[in-house]
Amino acid sequence: MKIIEVPPGWPLDESTARAVQDELRARVVLDEPGPPPGTGRVTGVDVAYDDERGLVAAAAVVLDAQTLTVIEEATAVGRVAFPYVPGLLAFREVPAVLGALASLTEAPGLIVCDGYGRAHPRRFGLASHLGVLTDLPTMGVAKNPFVFSHADPDPDRGASVPLRAPDGEEVGRALRTQDQVKPVYVSVGHRISLDHACAHTLHLASRYRLPETTRRADRLCRDALADLTR
DNA sequence: GCGACAG
DNA sequence: ATCTTGTCGC
């Protein structure tokens, strides 16, 4: 497999990266409800790293939103071009993810990311970033809380509590996808409402804590990375 | 200044 | 993210 190019101007320094986020944030669209859950397509994206070789593998898995059947899979491999810095995750992951999305032949529909959208210190997480760059509806489902505190949702599947920014705005939700299991953290990326994002998450996580999109993409990029060694 | 901090 | 065996439970 061909190694994708690092975008021109990469790597950026951290303060430039923050300035880029502040600029791109103005292009986020928040007033569209987005695709209703269970309709169209849903695409999971994820990346895996090989620190030894400085490589990153990205995967995109397109599912039929109704049946959760796999329609298409794609991967891309690139050089790691940005360190992990909390709040700047997108600069580490986005180039490889765009590479995987570019090699799809089918329309992705709604993109589900690992990480945050609006629930971000500058309201511009990975899902927001990917949304603005592709202009596709995007949302984020994270496994851990980031900077926003929250109460504990009721123990039953479907229960949620708001993730609130210091100014009181609801920037996401801690959503329980399985009874008695630690919640996931859902937030809006681009062109989708928080209600729809949560409904999609529940539909995609009918059996496991994490959405099927995330599980499939995670497995695929891991396998792609392992195949490089062989 | 110190700690916390998506993946 | 990643390093890592067995083990408890449905």
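Below, chains carry the letters A, B, ... as their sequence lines are ordered, and counting in each starts from 1.
- Side-chain polar atoms of A:Arg209 and A:Gln178 form no donor-acceptor pair below 3.5 angstrom.
- No contact: A:Arg207 has no heavy atom under 4.0 Å from any strand.
- Rounded to an integer number of Å, the gap from A:Asp50 CG to C:dT2 P is 9 Å.
- Under 3.5 Å, the side chains of A:Asp195 and A:Ser193 contain no donor-acceptor pair of N or O atoms.
- Going from atom CZ of A:Arg219 over to atom P of C:dA1 covers 16 Å, rounded to whole Å.
- Within the nucleic acid shown, A:Pro145 comes within 4.0 Å of sugar-phosphate atoms alone, with no base atom in reach, counting heavy atoms only.
- A salt bridge links A:Glu169 to A:Arg118: one of the charged nitrogens lies within less than 4.0 Å of a carboxylate oxygen.
- The nearest whole Å value for the distance from the CG atom in A:Leu89 to the P atom in C:dT2 is 13 Å.
- In this structure, A:Asp46 places its CG atom 7 Å from P of C:dA1, rounding to the nearest Å.
- Using a 4.0 Å heavy-atom cutoff across all strands shown, A:Leu88 reaches at least one base atom of the nucleic acid.
- Applying the 5.5 angstrom centroid cut-off and the 30 degree plane-angle cut-off, the aromatic ring of A:Tyr84 is stacked upon the base of B:dG7.
- Nucleic acid contact class of A:Gly140 (heavy atoms, under 4.0 Å, all strands): none.
- Residue A:Ala48 is in sugar-phosphate contact alone, with no base atom involved, counting any heavy-atom pair closer than 4.0 Å across all strands shown.
- A:Tyr84 and A:Glu93 share no donor-acceptor pair across their side chains, judged by distance under 3.5 Å alone.
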